[in-house]
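Reading through the structure tokens given below for one structure.
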Amino acid sequence: MSKSSTGSFLESVSRNFDKAARHTGLHKGLLAQIKACNSVYQMRFPVKIGSEYKVIEAYRVQHSHHRLPTKGGIRYSQKVEQDEVMALATLMTYKCAIVDVPFGGAKGGVKISPREYTTAQLQKITRRYTTELIRKNFIGPGIDVPAPDYGTGSREMAWILDTYMTFKGGEIDAAGCVTGKPVKLHGIQGRTEATGRGVFYGIREACSNAEDMKALGLTPGLAGKTMAIQGLGNVGYHTGLISQEEGDVKVVAVAEYEGAIYKEDGINIKKLAAHRKKTGSILNFPGAKNMEQRKQILELPVDILVPAALENQIRKDNARRVKAKIIAEAANGPVTADAEEILLKKGVMIIPDMYINAGGVTVSYFEWLKNLSHMRFGRMEKRFDQRTYTNIVETIERMTGKSVGAKEKEFLTRGADEIDLVRSGLEETMISAYSQIREIWKRRKAVEDLRSAAFVNALKKIGSDYENLGIFP
Ligand code: NAD
């Protein structure tokens, strides 16, 4: 991607901010403070790779200190540059506000292509990057808490935790210095699937409204709706899988690095992932057609398009050819501000990134809370609830003289495990956040689209935090 195209990601975020800011009634000085990136740490460090020394370029940006700690993922990609990390950190601030997660936004980036390094070399780079963050006080459970993003996962988070513990092992809350850790290493059940699951809940909410669906020429509900997914990584895979298994959505097309495939009667996502693991490619999946070019996925006539790879995918040059009725921005910034103008005129519903992919940070917040409480969710109440429900069922059995079967009884009396509570908390978060955004969109005529409504919601919440500090009028 050229510098100007990634540069335009930050520009797009800025334009979207300005478009919404005039509907907030906030003081212009306050808006300027909310918009600005508070701290940008740019680093270069050497790592010995084989017999060579590589100078690694990396960043950590803390967009807003209005709430601490700051929070946001770490991206490993050859395309990382300062503007991109700043745009991603900025989106994190608004994302946290939208889903009522009490953090400021941040993001990290390491300019490497992970495919070009061995596991041992990646570990070396990750540990050195973490050491740089520790040295400059850019990481800590009350300071700045990284998480996975494009090109990283629970493995990298484990290395970050271990490095942090090496320096700060005496800190009682040290485990909360990073989220997205393996479950066995202070992580939480349900974090890996969280962003995709959140995307599913968000799409389900949007599609449940009969009036909004009618405007798109669609019937309410998810069952039978067609979906195309760009990027079968963490977010794309779980969005596809959960939409298919729990929403009865038909995933007709998937694109990856190596190409794209189409299958009219639906692609089984689990089988496709197994096929890719075995053959190294999604292409030649049994029953599916290989598409000529991977980017054609963006132009298919589907109900729901899920860009789940990188930013700047739908631009001025291809927006007119997009035929999807709904675009769910699972990736950050996949639609540029120019493209959005075209798509909105065409009547496309864009469910914005800062809402739809907020499931990851929401469950990261639960993980951080678990780390600070030093106890897994459900430990205190599970058996108590189980006993209460059993008493209720047995009382009803006595009163009616009828008994329920053993299987039903087990189902009715079960106390919640950690995974049940995490999913429940995520579902509640995505439903209530959508309802707040939709209300702004529908109630205030001047707020024309869901992204502007999401921005207005975020800016008002952040504005009120600053006002409470007494800094602004
Ligand atoms: P990932 O590295 O797990 O997966 C991304 C996938 O996209 C990779 O498999 C890659 O090969 C593929 N890809 C890249 N360019 C492509 C292209 N042009 N066409 C088709 N496929 C392509 O990353 P991820 O964690 O799933 O993140 C994806 C997006 O979601 C990013 O924008 C990220 O910022 C955003 N996001 C991630 C999380 C999270 O929890 N991981 C949370 C919120 C937002």
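Counting starts at 1 for both ligands and their atoms, in listed order. For the numbers below, each heavy atom of this structure counts, side chains included, while hydrogens, waters and symmetry mates do not.
Every atom of ligand 1 with a heavy atom of A255 under 4.0 Å away is listed here by number and element: 20 (C), 21 (N). With ligand atoms numbered from 1 in the order given, ligand 1 contributes 30 (O), 35 (C), 44 (C) to contacts under 4.0 Å with heavy atoms of A330. The atoms of ligand 1 that sit less than 4.0 Å from any heavy atom of N332 are 32 (O), 33 (C), 34 (O), 35 (C), 36 (N), 44 (C). Within ligand 1, the atoms closer than 4.0 Å to a non-hydrogen atom of R115 are 11 (O), numbered from 1 in the order shown.
Nearest residue to atom 7 (O) of ligand 1 from G180, A147, G231 is G231 (criterion: closest heavy atom). Comparing R191, Q313, E256 by heavy-atom distance to atom 12 (C) of ligand 1, the nearest is E256. Nearest to atom 23 (O) of ligand 1 by heavy atom, out of Y237, Y150, Y76, is Y150. In this comparison of A309, P114, G233, the heavy atom closest to atom 4 (O) of ligand 1 sits on G233.
Protein heavy atom nearest atom 17 (C) of ligand 1, with residue, atom name and distance: R294 NE, 4.0 Å. Scanning the protein for heavy atoms near atom 40 (O) of ligand 1, the closest one is T195 OG1, 2.8 Å. Here the heavy atom of the protein found nearest to atom 3 (O) of ligand 1 is N234 N, 2.9 Å. For atom 33 (C) of ligand 1, the nearest protein heavy atom (residue, atom name, distance) is D149 OD1, 3.1 Å. With hydrogens left out, the protein atom closest to atom 27 (O) of ligand 1 is V235 CG2, 4.0 Å, a heavy atom. Shortest contact from atom 2 (O) of ligand 1 to any protein heavy atom: G151 N, 3.0 Å. Ranking the protein heavy atoms by distance from atom 43 (C) of ligand 1 puts N357 O, 3.5 Å first.
Qualifying ring-ring contact (aromatic ring centres under 6.0 Å, His included) partners for F138, counting only residues two or more places apart in sequence or in other chains: Y41.
Using 4.0 Å as the threshold, R75 has a heavy atom nearer than that to some atom of ligand 1. The shell of residues lying under 4.0 angstrom from ligand 1, judged by heavy atoms, excludes H238.
Residues F455 and Y94 place their aromatic rings such that the two centres sit under 6.0 Å apart.
Other residues, nucleotides and ligands place no more than 12 heavy atoms under 6.0 Å from the NZ atom of K54.
For the pair E367 and K181, the salt-bridge criterion is met [side-chain N within less than 4.0 Å of a carboxylate O]. Comment: E329 engages R451 in a salt bridge, judged by a side-chain N to carboxylate O separation of less than 4.0 angstrom. Salt-bridge formation is detected for the pair E299/R321: a Lys NZ or Arg NE/NH1/NH2 atom is positioned less than 4.0 Å from an Asp or Glu carboxylate oxygen. Look at R75 and E84 and you find a salt bridge, because one of the NZ, NE, NH1 or NH2 atoms lies within 4.0 Å of a carboxylate O, short of that distance. Using a 4.0 Å cut-off between a side-chain N of Lys or Arg and a carboxylate O of Asp or Glu, E193 and R423 qualify as a salt bridge. Ion pair R67/D465 flagged as a salt bridge, since at least one NZ, NE, NH1 or NH2 atom sits closer than 4.0 Å to an Asp/Glu carboxylate oxygen.
Judged by a 6.0 Å distance limit and a 45° cone about the ring axis, R276 is not positioned over the six-membered ring of F285.
Judged purely by atom type and a 3.5 angstrom limit, K346 uses its side chain to pair as donor or acceptor with the backbone of V322.
Only backbone heavy atoms of A308 (N, CA, C or O) come within less than 4.0 Å of ligand 1; its side chain stays farther off. Looking at E193 against ligand 1, nothing comes within 4.0 Å, counting heavy atoms.
Using a 30° and 60° split on the angle between ring planes, Y434 and Y355 fall in the tilted class, from 30° to 60°.
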